[in-house]
Amino acid sequence: MVTTRERLSVVAVEPVGPYTLLRVRRGGLDPGRPGQFFMLEAPGRLLPRPMSLCLAPPGELAFLVDPIGPGTRAICALDHGDRIGVLGPLGKGFDLLVERPLLVGGGIGIAPLPYLSEALGAPPTILGFRSTRHAEAAALLPHAKVVVEPTFVTDVMPRDRDVLACGPEPMLEAVRRLVPDAQLAWEAPMACGYGACYGCAVEIDGELRRLCVEGPVLRTGSTSTYLRPKEPTVGREHVA
């Protein structure tokens with residue numbers, strides 16, 4: 001697949017609980033593999049923001065955005081017909097050759113799971129949220145099991161499945177302890193998306209790895225050290 005940069009027209013900007021689903025014309029961009037990401041230009045901001053692809057209906061790309069900072073808020077403020085620069089697909093996605101998949105997501109980490117679920121034929125899915133309002137986003141995966149704090153995904157997660165997960169670091173670390181060979185999509189600040197800036201470097205077994213080119217999906221069984229991003233040099237906004 002080829003990484004491409006295009007300016008795409010906004011089809012719709014839809015609220016999904018506290019999040020926003022941004023739908024754009026696909027143009028000539030390849031949707032890529034589930035778990036890969038795209039760099040979206042934030043209007044009025046210098047640096048783009050990394051976003052996992054949430055849905056890929058015919059002729060469109062859709063991104064689930066959490067408006068937590070100036071860049072993501074600017075993206076969520078777009079309107080029908082506006083244009084936005086998009087670069088991708090980038091990074092390494094999920095390995096789809098799994099026998100008994102179980103999708104696990106937390107908060108905005110559910111972003112890549114609808115596209116992943118479609119690719120895997122709608123396998124069992126567990127989603128965790130910090131509030132019932134955030135849990136409204138579970139409508140994107142209507143057959144998922146949903147838990148809200150103080151219940152966590154690891155409280156209800158079976159151990160005999162091939163786990164593919166995305167969510168906040170504490171959730172991923174908890175999943176990793178239960179299923180050491182799980183595929184985990186990690187988050188980190190990103191400025192370029194293709195390994196030039198080292199803004200997303202994480203330390204793995206004493207070695208720095210660029211999450212944007214060696215991840216964001218990592219199979220944790222191949223490492224023995226907790227993955228912790230370096231302190232960000234740009235505003236921290238979600239990869240997913």
Side-chain angles (χ1 to χ4, degrees), residues 1-11 13 16 18-55 61-79 81-93 107-112 115 166-169 172 185-204 208-218 227-240:
M1 71 191 63
V2 178
T3 298
T4 308
R5 184 194 302 273
E6 292 193 18
R7 289 192 63 78
L8 305 176
S9 297
V10 174
V11 175
V13 183
V16 183
Y19 309 121
T20 296
L21 187 68
L22 175 72
R23 294 168 45 206
V24 300
R25 300 282 181 203
R26 184 180 300 186
L29 267 63
D30 190 311
R33 178 187 291 268
Q36 289 188 291
F37 66 96
F38 292 76
M39 299 297 286
L40 276 60
E41 292 181 2
R45 310 301 298 181
L46 177 62
L47 298 174
R49 299 300 190 266
M51 298 289 160
S52 300
L53 184 64
C54 183
L55 293 164
L61 303 174
F63 303 92
L64 189 66
V65 184
D66 188 3
I68 60 169
T72 45
R73 287 196 294 268
I75 290 171
C76 293
L78 290 167
D79 203 351
D82 289 343
R83 297 180 71 81
I84 181 172
V86 181
L87 170 70
L90 297 161
K92 293 184 178 178
I108 191 60
I110 76 163
Y115 184 37
C166 184
E169 288 176 16
L172 294 183
W186 295 84
E187 297 178 351
M190 294 185 187
C192 70
Y194 45 82
C197 70
Y198 278 78
C200 65
V202 296
E203 185 175 344
I204 304 175
L208 287 179
R209 305 283 182 85
R210 293 166 296 172
L211 201 58
C212 66
V213 291
E214 298 179 63
V217 179
L218 298 172
L227 311 180
R228 182 173 296 280
K230 295 167 60 183
E231 287 301 309
T233 55
V234 298
R236 187 179 183 85
E237 291 179 305
H238 291 282
V239 172

Start with the C-alpha distance between Asp79 and Val10, add both sets of side-chain angles, then the distance that settles side chain to side chain contact (heavy atoms under 4.5 Å, CB included), and finish with yes or no. CA-CA 7 Å; Asp79 203 351; Val10 174; over 6 Å; no
For Leu53 and Phe37: C-alpha separation, side-chain torsions, deciding distance, then whether side chain to side chain contact (heavy atoms under 4.5 Å, CB included) applies. CA-CA 6 Å; Leu53 184 64; Phe37 66 96; over 6 Å; no
Worked verdict on Leu22 versus Leu40 for side chain to side chain contact (heavy atoms under 4.5 Å, CB included): CA-CA 11 Å; Leu22 175 72; Leu40 276 60; 3.8 Å; yes
Gap between atom CD1 of Ile75 and atom CD1 of Ile84 - 0.5 Å precision: 5.0 Å
Shortest non-hydrogen contact between Cys76 and Val13, atoms and distance: O-CG1, 3.5 Å
Of all residues at least two apart in sequence or in a different chain, which pass the side chain to side chain donor-acceptor pair (under 3.5 Å) check with Ser9? Arg83
Gap separating the CD atom of Gln36 from the OG1 atom of Thr3, nearest 0.5 angstrom: 7.5 Å
Might you point out which heavy atoms bring Pro31 and Pro89 nearest each other, and give the distance in Å? O-CB, 4.4 Å
Between the CZ atom in Phe38 and the CG atom in Leu87, the distance rounded to the nearest 0.5 Å is 9.0 Å
Applying side chain to side chain contact (heavy atoms under 4.5 Å, CB included), can you list everything that pairs with Leu172, at least two apart in sequence or on another chain? Ala165, Leu184, Trp186
dist Asp66:CG -> Met51:CE (nearest 0.5 Å) comes out at 8.5 Å
List the residues meeting side chain to side chain donor-acceptor pair (under 3.5 Å) with Arg7, not counting sequence neighbours, and say none if there are none. Glu41
Atom CG of Leu61 and atom CG of Asp30: how far apart are they, to the nearest 0.5 Å? 9.0 Å
Which pair of non-hydrogen atoms, one from Ala42 and one from Gly71, has the smallest distance, and what is that distance? CB-O, 3.6 Å
Looking at every heavy atom in both Met39 and Pro48, which two are closest together, and how far apart are they? CE-CG, 3.6 Å
Which residue, Ile108, Thr72, Val65, forms the side-chain contact (heavy atoms from CB on, under 4.5 Å) with Tyr19? Ile108
Correct closest heavy-atom pair for Val86 and Leu29 would be CG1-CD2, 3.6 Å
Applying ring pair (Phe, Tyr, Trp, His ring centres under 6.0 Å) to Tyr115 and not counting sequence neighbours gives none
Over all heavy atoms of both residues, which pair between Cys166 and Gly109 is shortest? Give the atoms and the distance, please. CB-O, 3.1 Å
Under the salt bridge (Lys or Arg N to Asp or Glu O under 4.0 Å) test, residues paired with Arg45 that sit two or more places apart: none
Can you sort out the partners of Val11 under side chain to side chain contact (heavy atoms under 4.5 Å, CB included), two or more places apart, ordered by chain and number? Arg23, Arg25, Glu60
